[in-house]
Amino acid sequence: MHSPGPSASDIQSHLYSSFLQASTYDVAIRVTGNWTAVYKLHRVVLIQSGFFRSLFTAGFAESTSASTQRAGGDQIHVVFDDYNITRPAFEICISRLYGGGPPLHISPSLIPTPAYPLSPPFSGVKESEDAPAGKQPASPRFLLSLLSTAIYLSIPAVASQALALILKTIGPTTVIDYLNFACGRSITFSHLEPDEIKAAVGLENVAQMVEEPLSRQHSMSSIGTEGLKSGSSPTPTVSADLSSLPQEDPAPEVQEDIRAHWSTTEPLHHYGAVSDKIGESCACWLARWAVDLLHLEAPDILHPHDSRSRSQSLSSIRDRPGTVAPLFISRPIPTILRPGGLTAKWIAALVSADTLFVPNERGRYNFARAVVELRRKGGIDKEEEAVWTKMFEEGIYYCNMGFEDIMYISQDISPSTKRPYVPLSVLQASHWTQSLIRHHITHRMSNSSSPVTSSPSAKEKELGIAFTTAELLAKASSDANTSISGLDNSCTPYYPVLGDMSLRIGDNGGHSGTTPEATTSSMEELFSPSHSSLSRGQRSQGQTAHEHNITSSQPPTRILTTELAFFGLLNPKITASVCAENDPNGNARWTPYPPYRFSVEFWDLDWLREKSRLHSQTIWYAGSLFNVYVQVVRKKGQAQLGIYLHRQSHVDPIPASSTPSNSGIQATTSMASGTSIPLERSLHIRQPSLPSLLSQAASTSGNPNHYSPSIHPPPRSATPAGTANIHPSPPSPSSSPPSVSILTSTGIPATITLPTPSQPYRDPRSSISAYFAITCASATGSSQTRFSSSPDVFSVSQSWGWKSSSLRTEEFMEIGTQTLSSAVSRSREISLRATVLLGLV
């Protein structure tokens, strides 16, 4: 009987042993880059790499007998002009082609988790930083180098693993480095770190090192590790610290000459869609955690005597058990918002971003002024001041603030410049815009000459403040001096009326395992568009009550996630001429009135009963009350999470809103106006969320995710309609905060009853037409799920939204069949954060 031949593992072991011992090699690769060495390898193995396959089979000189014969094999000279490629990364890539190499070890301190979203070091959790024996330490710089090397060599298995690990480790200590990389900054143009010079673990003998001439070593010397400011590219870096200049050039004039040369000669290495994917995730992370980062970097910068400004997140991250408080004792705070982190242009894009997690526009203003004062502590920078001026004028929608807030801002003087942050003309224009919206709602003309009269129902539900591109151009051409709705077309910004769209941004890393056997993407998939729409199949679960059609007049909203758009953060100013450029067919709709932006946060989703609801705070906008609620549907151990925008009745009780459960630390609950109210531990009382009182209509509509689950109003309260829930105007910043009513039940999820928001006037219409978008951040913040809707009809007490398993419900709740114990759940407080965009037409 014949013995079986060698198994696959035997062959792999034989190949890897031949690699380690350089036995029977048939090609010698002389590598010149950040290091110079000769590697004795095997062609049949190397051609798994797209780079070497092209080198050996595409008719290049290296594939012919013209190559120089050395020691029984061809020596081929490969020059890496990409300085991101380092020795250990190259050796790991080659070892993976042979089926071996050391496994990667990422320090647990770099990996955010739902329980510790800012990663363990910022949660008081101590983890060992040392890699176990036999494992390759995978620092953030190493992961970036590994990705660069794998892309250069065209090894998709390694590239997809490295990308997944990069996206998995986005956090306070890595976001700036990753963002620099996404913008094309070289990670190794400065002095290499020790681990980037040494061989990969276990591969110390595979390279025959070659001494490099001194001139080349000097040409690669460092000026600084922070990078340099670029006037034309929105990079997140700033000027390098002069203290890191080589000691042999101490003279100031020499330093300036080198600085000027460096700013124009630093190489850029951008990897297309791969770089954009990293940039997207960093932008998503910053949008979610920016306010919390400000609390870390400058805990006293927010007015210590202004209760409205002490906390701009709906609930401070310090309210969560074991997250941030120990940081101030054990860890240095990374530089992100301070000088040395993001540039002024990046901060301005962040402030203006629709997805920035702040309660409302007043909270956005407070965040902006606090960051600006933080930057001004080191002195006034003229270039930054020009950015701040534009940011305060265009990045904040003052027309969506209360009049008291506008009055306060008009008198808010910067302690650094002794001037107001916002020009009075901007605030006056916002007040005029408020008056125009109020006029449209309360004195709307009902004659048949309305430009949106397509049917009596449309005339009743739409205000006539949205215009197609063709209408804008026709109006401009007929009378250049005539404005639409009292606004000048030549300089008035227009805002798109959203279309139907569902997509996920910042989640493109594939499998995040650390083993070579991890599932990988192809090179084509790695370089595919950096965000993708959620397919109908992914959103097909659940019954719907209404099919939401996409028509040619309502094209899906485009999201630009390239560096020029700050990876999705930038809200560019769009004028009538730009509308025409972006919409050659002339069918898109635009409005001169900016949408209302607010954020919501939901806690204790693990405890949410099926079909029960957990509400957000209630806001007032354009004569109507709105809030957001979440609802869970469980099927066969799997959970779908629904999130809905609800038009709240003026006469029904305002539902209690979600609040963080008792953490043992003084908590802060932010009011809808931006006011922060401290809640002592004794006031943190849990209350079950309101049960679903409204039946969900069944339907066989084709769109499975966007529907209205409740089209009938709940039981009315006994409060007269004319006086129900009218609350006085919000207090001035110097006034004491309003009282808060706490529900006395001890159930969970925890909720809190907040005062009804101020209502300067009411929209008398029973039905309105509104477009909206809801962006849900992942538990760690590095990705977002975005839903947007073209105009829907909102009757009183009607809701529109989505339910989908694509919200990654497992991040926020236990979706298995086992129920968590009370002790476990109480220590696992994970919030779902979402930002909402809402506009009328």
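Sequence positions, counted from 1, serve as the residue numbers for this chain.
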Problem set entry | For Asn627, all residues meeting side chain to side chain donor-acceptor pair (under 3.5 Å), sequence neighbours excluded | Thr618, Gln648
Problem set entry | Heavy-atom pair of closest approach, residues His650 and Arg762 | ND1-NE, 3.4 Å
Exercise. Mind checking whether Ser502 and Phe787 have side chains closer than 4.5 Å, heavy atoms only?
Worked result: yes
Exercise. Okay, side chain of Trp620, backbone of Thr756: is any donor-acceptor separation there less than 3.5 Å?
Worked result: no
Exercise. Should Tyr644 and Arg613 be marked as a side-chain contact (heavy atoms from CB on, under 4.5 Å) after you check the CA-CA gap, both sets of side-chain angles, and the distance that decides it?
Worked result: CA-CA 10 Å; Tyr644 309 96; Arg613 298 178 179 180; over 6 Å; no
Seminar exercise, completed: Ser783 meets the side chain to side chain contact (heavy atoms under 4.5 Å, CB included) criterion, sequence neighbours left out, with Arg504, Asp507, Ser778
Exercise. Checking Thr355 side chain against Ala287 main chain: does a donor-acceptor pair fall under 3.5 Å?
Worked result: no
Exercise. Judged by atom type as modelled, is there a donor-acceptor pair below 3.5 Å linking the side chain of Ser281 to the main-chain atoms of Gly506?
Worked result: yes
Exercise. Phe598: what forms a ring pair (Phe, Tyr, Trp, His ring centres under 6.0 Å) with it, not counting sequence neighbours?
Worked result: Tyr596
Problem set entry | Ring centre gap for Phe772 and Trp802 strictly below 6.0 Å | yes
For this session: Return yes if some donor-acceptor pair links the side-chain N/O of Arg364 with the main-chain N/O of Ala353 below 3.5 Å, else return no.
Result: yes
For this session: Check the pair Leu645 / Trp800 against side-chain contact (heavy atoms from CB on, under 4.5 Å), numbers first and verdict last.
Result: CA-CA 5 Å; Leu645 178 65; Trp800 284 98; 5.7 Å; no
Exercise. Side chains of Thr775 and Gln784: do they bring a donor and an acceptor to under 3.5 Å?
Worked result: no
For this session: Before giving the answer on side-chain contact (heavy atoms from CB on, under 4.5 Å), spell out for Thr751 and Leu614 the whole-Å C-alpha distance, their side-chain angles and the decisive distance to 0.1 Å.
Result: CA-CA 8 Å; Thr751 57; Leu614 191 58; 3.9 Å; yes
Problem set entry | Under-4.0 Å salt bridge between Lys277 and Glu280 | no
For this session: State which residues pass side chain to side chain contact (heavy atoms under 4.5 Å, CB included) with Ala290; sequence neighbours excluded, sorted by chain then number.
Result: Leu350, Leu356, Phe367
Exercise. Between Thr169 (side chain) and Leu165 (backbone), is there a donor-acceptor pair under 3.5 Å?
Worked result: yes
Problem set entry | Gap between atom CD1 of Ile278 and atom OH of Tyr178 - 0.5 Å precision | 8.0 Å
Exercise. Is the backbone N or O of Gly171 less than 3.5 Å from a side-chain atom of Trp289, with the two atoms forming a donor-acceptor pair by type?
Worked result: no
Exercise. Are Arg647 and Phe794 in a cation-pi setup, meaning NZ or CZ lies under 6.0 angstrom from the ring centre and within 45 degrees of the ring axis?
Worked result: no
Exercise. Are any of the side-chain heavy atoms of Ser658 and Asp604 separated by less than 4.5 Å?
Worked result: no
For this session: Determine whether Leu179 and Phe567 make a side-chain contact, defined as any pair of heavy atoms from C-beta on separated by less than 4.5 Å.
Result: yes
Problem set entry | Any donor-acceptor pair under 3.5 Å from Arg362 side chain to Asp405 backbone | no
Exercise. Got a sec, which residues hit side chain to side chain contact (heavy atoms under 4.5 Å, CB included) with Cys776, two or more places apart in sequence or on another chain?
Worked result: Ile643, Ile774, Leu807, Leu832, Ala834
Problem set entry | Shortest non-hydrogen contact between Pro172 and Pro334, atoms and distance | O-CB, 3.4 Å
Problem set entry | Separation between CD1 of Ile336 and CG of Leu294, rounded to the nearest 0.5 Å | 11.0 Å
Exercise. If you measure only the distance, is there a donor-acceptor pair under 3.5 Å linking the side chains of Asn400 and Asn360?
Worked result: no
For this session: Could you check if a side-chain atom of Glu610 sits within less than 4.5 angstrom of a side-chain atom of Val633, using non-hydrogen atoms only?
Result: yes
Exercise. Would you call Arg786 and Asp354 a salt bridge, using N to O less than 4.0 angstrom?
Worked result: no
Problem set entry | Pairwise distance CG(Leu837) to OG(Ser789) - rounded to 0.5 angstrom | 11.5 Å
For this session: Check for a donor-acceptor pair, side chain of Ser599 on one end and backbone N or O of Thr835 on the other, with a separation under 3.5 Å.
Result: no
Exercise. Excluding sequence neighbours, so at least two apart, what forms side chain to side chain contact (heavy atoms under 4.5 Å, CB included) with Ala622?
Worked result: Ile437, Ile441, Tyr761, Leu840
For this session: Could you grab the distance from atom CZ of Phe602 to atom CG of Leu641, nearest 0.5 Å is fine?
Result: 9.0 Å
Problem set entry | Minimum side-chain heavy-atom gap Tyr397-Pro595 below 4.5 Å | yes
Exercise. Of all heavy-atom pairs between Pro117 and Pro112, which one has the smallest distance, and what is that distance?
Worked result: O-CB, 3.3 Å
Problem set entry | Side chain proximity check, His615 to Ile654, heavy atoms < 4.5 angstrom | no
For this session: Report the distance from atom CD of Gln617 to atom OG of Ser657, rounding to the nearest 0.5 Å.
Result: 6.5 Å
Exercise. Looking at OG of Ser352 and CZ of Arg597, how far apart are the two atoms once the value is rounded to the nearest 0.5 Å?
Worked result: 7.0 Å
For this session: Check step by step if side-chain contact (heavy atoms from CB on, under 4.5 Å) holds for Thr174 and Leu110.
Result: CA-CA 8 Å; Thr174 61; Leu110 294 175; 4.1 Å; yes
For this session: Return yes if some donor-acceptor pair links the side-chain N/O of Asp763 with the main-chain N/O of Ser624 below 3.5 Å, else return no.
Result: no
Exercise. How close do Leu167 and Ser782 get, heavy atom to heavy atom, and via which atoms?
Worked result: O-OG, 3.9 Å
For this session: Taking the side chain as every heavy atom from C-beta outward, state whether Leu342 and Leu286 have any atom pair closer than 4.5 Å.
Result: yes
Exercise. Backbone N or O of Glu601 within a donor-acceptor pair of the Ser831 side chain at under 3.5 Å?
Worked result: no
Exercise. Looking at side-chain heavy atoms only, is the closest gap between Tyr629 and Ser799 below 4.5 Å?
Worked result: yes
Exercise. If you take all heavy atoms of Leu118 and Trp285, which pair is closest and at what distance?
Worked result: CD2-CZ2, 3.7 Å
Problem set entry | Minimal non-hydrogen separation, Val793 against Gln798, with atom names | O-OE1, 3.2 Å
